Amino acid sequence: MSNKFVPTDETQNKTAQEGNVSRVTQFVLLGFYDLSDLQGFLFGVFAIIYIIILIGNSLIIILTKLSPELQKPMYFLLANFSFLEICYVSVILPRMLVNLWTQYRNISLLECATQMCFFLMLATTECFLLAVMAYDRYVAICHPLHYPAVMNHKRCVQLAVGSWVIGIPVQIGLTVEIFSLSFCNSNQINSFFCDTLPIITLACENTSQIEAFVYLETILFAAVPFVWILTSYSKIIFTILKLPTGSGRAKGFSTCSSHLLVVVLFFGSATITYFTPKSNASAGTAKLLSLFYTVVTPMFNPMIYSLRNKDVIAALRKVFLKKYR
């Protein structure tokens, strides 16, 4: 591993001269440079987390394909969600691991824009896919007789594809707008990946319109799905509480508790990150919260969905028993 990274004037001034104005030609991802004595330890921790995410989510995808018991709309959506999580963390973690190992934190504008664009598109997909999964549980619990007709395979595919593509044009447009700004104050991004707000703060021109668009887009692509999820679960809880038996209520809550926990973890940390007022004091907190919803939550999702789901556990046992029989 290379020597520890320390931000210097040289790394800050990787610019091109245009007249009397210096233009940034590449950024520096500061990441966790301030924890200089823990770089090797952090590399090991994040490498293990990445492996856990890849194995856990791949296992869920394989189970939903191999197990006849999991050929249901709920598990089709879960397989999509697991594949999404693999893509989501793969946009961020490999680059972070390289930075930690080599201590070379420079990233070109094109690489940074590409990372940001894919992160935004996949984050949008996650918001809408979680909303679709909540709708699936709403129909299953509140309208069980209509469930086979409403959540047929064609409808599931349409909802899944819609979740994947709905944010693409807007997020590409937002990325183009952000990287059309002039960056001449600094090139040091106080984050471990190319996120919108840390980059906007580096611009040397008025960014109020783009910041307003970022918040508007966050409301559209995060708050609206979240409200839909809350509405769905309000109706689900009301329906479950009307069930006559305790066992029926327990079963109803168990079928949606895993999804609700994932929703709280993802939306909770993301909301605090994007709607906390900007200040130097909150930079470290924002970085930790970003780490939570980009890395930690995807690590726990397979555990939450598998350990709290009897169907998944039963399918896992059957697969392993058949293999070692």
Side-chain angles (χ1 to χ4, degrees), residues 27 29 77 80-81 83-92 95 107-135 155-183 189 191-203 205-232 262-263 266-278 286 289-290 292-295 297-298:
F27 290 118
L29 289 169
L77 296 173
N80 269 268
F81 186 73
F83 179 68
L84 169 65
E85 295 290 70
I86 291 173
C87 297
Y88 185 66
V89 297
S90 294
V91 169
I92 297 171
R95 181 82 199 196
I107 183 170
S108 70
L109 266 66
L110 179 59
E111 290 173 322
C112 193
T114 302
Q115 186 187 56
M116 176 191 287
C117 188
F118 275 97
F119 166 74
L120 292 174
M121 289 189 296
L122 293 171
T124 301
T125 299
E126 179 143 0
C127 293
F128 279 92
L129 197 53
L130 286 170
V132 169
M133 294 169 77
Y135 176 71
R155 179 68 56 80
C156 288
V157 171
Q158 290 173 339
L159 291 171
V161 171
S163 299
W164 280 96
V165 303
I166 191 170
I168 292 177
V170 176
Q171 302 299 11
I172 290 176
L174 175 60
T175 303
V176 170
E177 285 297 316
I178 290 175
F179 281 86
S180 297
L181 295 170
S182 297
F183 302 100
I189 302 172
S191 181
F192 52 89
F193 72 105
C194 294
D195 200 1
T196 51
L197 296 181
I199 291 179
I200 290 174
T201 59
L202 302 180
E205 56 187 272
N206 190 339
T207 61
S208 57
Q209 288 186 342
I210 288 186
E211 287 184 46
F213 183 74
V214 169
Y215 287 117
L216 179 63
E217 179 241 7
T218 302
I219 291 172
L220 179 64
F221 289 148
V224 170
F226 185 59
V227 170
W228 175 267
I229 292 169
L230 289 181
T231 303
S232 298
V262 170
V263 167
F266 177 77
F267 280 101
S269 54
T271 300
I272 295 172
T273 301
Y274 282 93
F275 288 100
T276 299
K278 292 182 295 182
L289 287 168
S290 297
F292 194 82
Y293 72 81
T294 56
V295 177
T297 302

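The structure displayed is predicted, hence computed values, not measured ones.
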Review point. If every non-hydrogen atom of Pro198 is compared with every non-hydrogen atom of Ile189, which pair is closest and at what distance?
Key: CB-CG2, 3.9 Å
Exercise for review: Enter the distance from Glu211:CD to Leu197:CG here, rounded to the nearest 0.5 Å.
Suggested key: 7.0 Å
Exercise for review: Measure from the side-chain N and O atoms of Ser163 to the backbone N and O of Thr125, and report whether any donor-acceptor pair falls under 3.5 Å.
Suggested key: no
Review point. Which pair of non-hydrogen atoms, one from Leu220 and one from Phe128, has the smallest distance, and what is that distance?
Key: O-CZ, 4.2 Å
Exercise for review: May I have the step-by-step check of side chain to side chain contact (heavy atoms under 4.5 Å, CB included) for Phe221 and Leu120, ending in yes or no?
Suggested key: CA-CA 10 Å; Phe221 289 148; Leu120 292 174; over 6 Å; no
Review point. Atom CD of Glu85 and atom CG of Leu129: how far apart are they, to the nearest 0.5 Å?
Key: 9.0 Å
Practice item. Kindly indicate, with the supporting measurements, whether the criterion side chain to side chain contact (heavy atoms under 4.5 Å, CB included) is fulfilled by Leu29 and Phe192. Key: CA-CA 6 Å; Leu29 289 169; Phe192 52 89; over 6 Å; no
Review point. Just wondering, are more than 12 heavy atoms of other shown residues or ligands nearer than 6.0 Å to CZ in Phe118?
Key: no
Check your understanding: When you look at CZ of Phe83, are more than 12 heavy atoms from neighbouring residues, nucleotides or ligands closer to it than 6.0 Å?
Key -> no
Revision key, fill the gap. When rounded to the nearest 0.5 Å, the distance separating CD1 of Ile200 from OG1 of Thr207 is 6.0 Å
Check your understanding: Leu110: what forms a side chain to side chain contact (heavy atoms under 4.5 Å, CB included) with it, not counting sequence neighbours?
Key -> Ser108, Thr114
Revision key, fill the gap. When rounded to the nearest 0.5 Å, the distance separating SG of Cys194 from CD1 of Ile107 is 4.0 Å
**Study point:** Distance-minimising heavy-atom pair for Phe27 and Ile199
**Key:** CZ-CG2, 4.3 Å
**Study point:** Student check: side-chain heavy atoms of Phe213 and Gln209 closer than 4.5 Å
**Key:** no
Point to revise | Atom pair CG (Leu122) and CD1 (Ile86), whose distance is rounded to the nearest 0.5 Å | key: 12.0 Å
Point to revise | Donor-acceptor contact below 3.5 Å, side chain Glu126 vs main chain Leu84 | key: no
Check your understanding: Of the non-hydrogen atoms in Pro298 and Tyr293, which two are nearest, and what is the gap between them?
Key -> CD-O, 3.9 Å
Revision key, fill the gap. The reported gap from CZ in Phe193 to CD in Gln115 (rounded to nearest 0.5 angstrom) is 7.5 Å
Anything under 3.5 Å between a donor and an acceptor, one on a side chain of residues 223-232, the other on a protein residue two or more places apart or in another chain? List them.
{"unit_1": "Thr231", "atom_1": "OG1", "unit_2": "Val227", "atom_2": "O", "d": "2.8"}
{"unit_1": "Ser232", "atom_1": "OG", "unit_2": "Trp228", "atom_2": "O", "d": "2.9"}

Review point. Would a line drawn from the ring center of Phe119 to the ring center of Tyr88 be shorter than 6.0 Å?
Key: yes
Which atom pairs, donor and acceptor, lie under 3.5 Å between side-chain atoms of residues 166-177 and protein residues at least two apart or in another chain?
{"unit_1": "Gln171", "atom_1": "NE2", "unit_2": "Thr124", "atom_2": "OG1", "d": "2.7"}
{"unit_1": "Gln171", "atom_1": "NE2", "unit_2": "Glu217", "atom_2": "OE2", "d": "2.2"}
{"unit_1": "Thr175", "atom_1": "OG1", "unit_2": "Gln171", "atom_2": "O", "d": "2.8"}

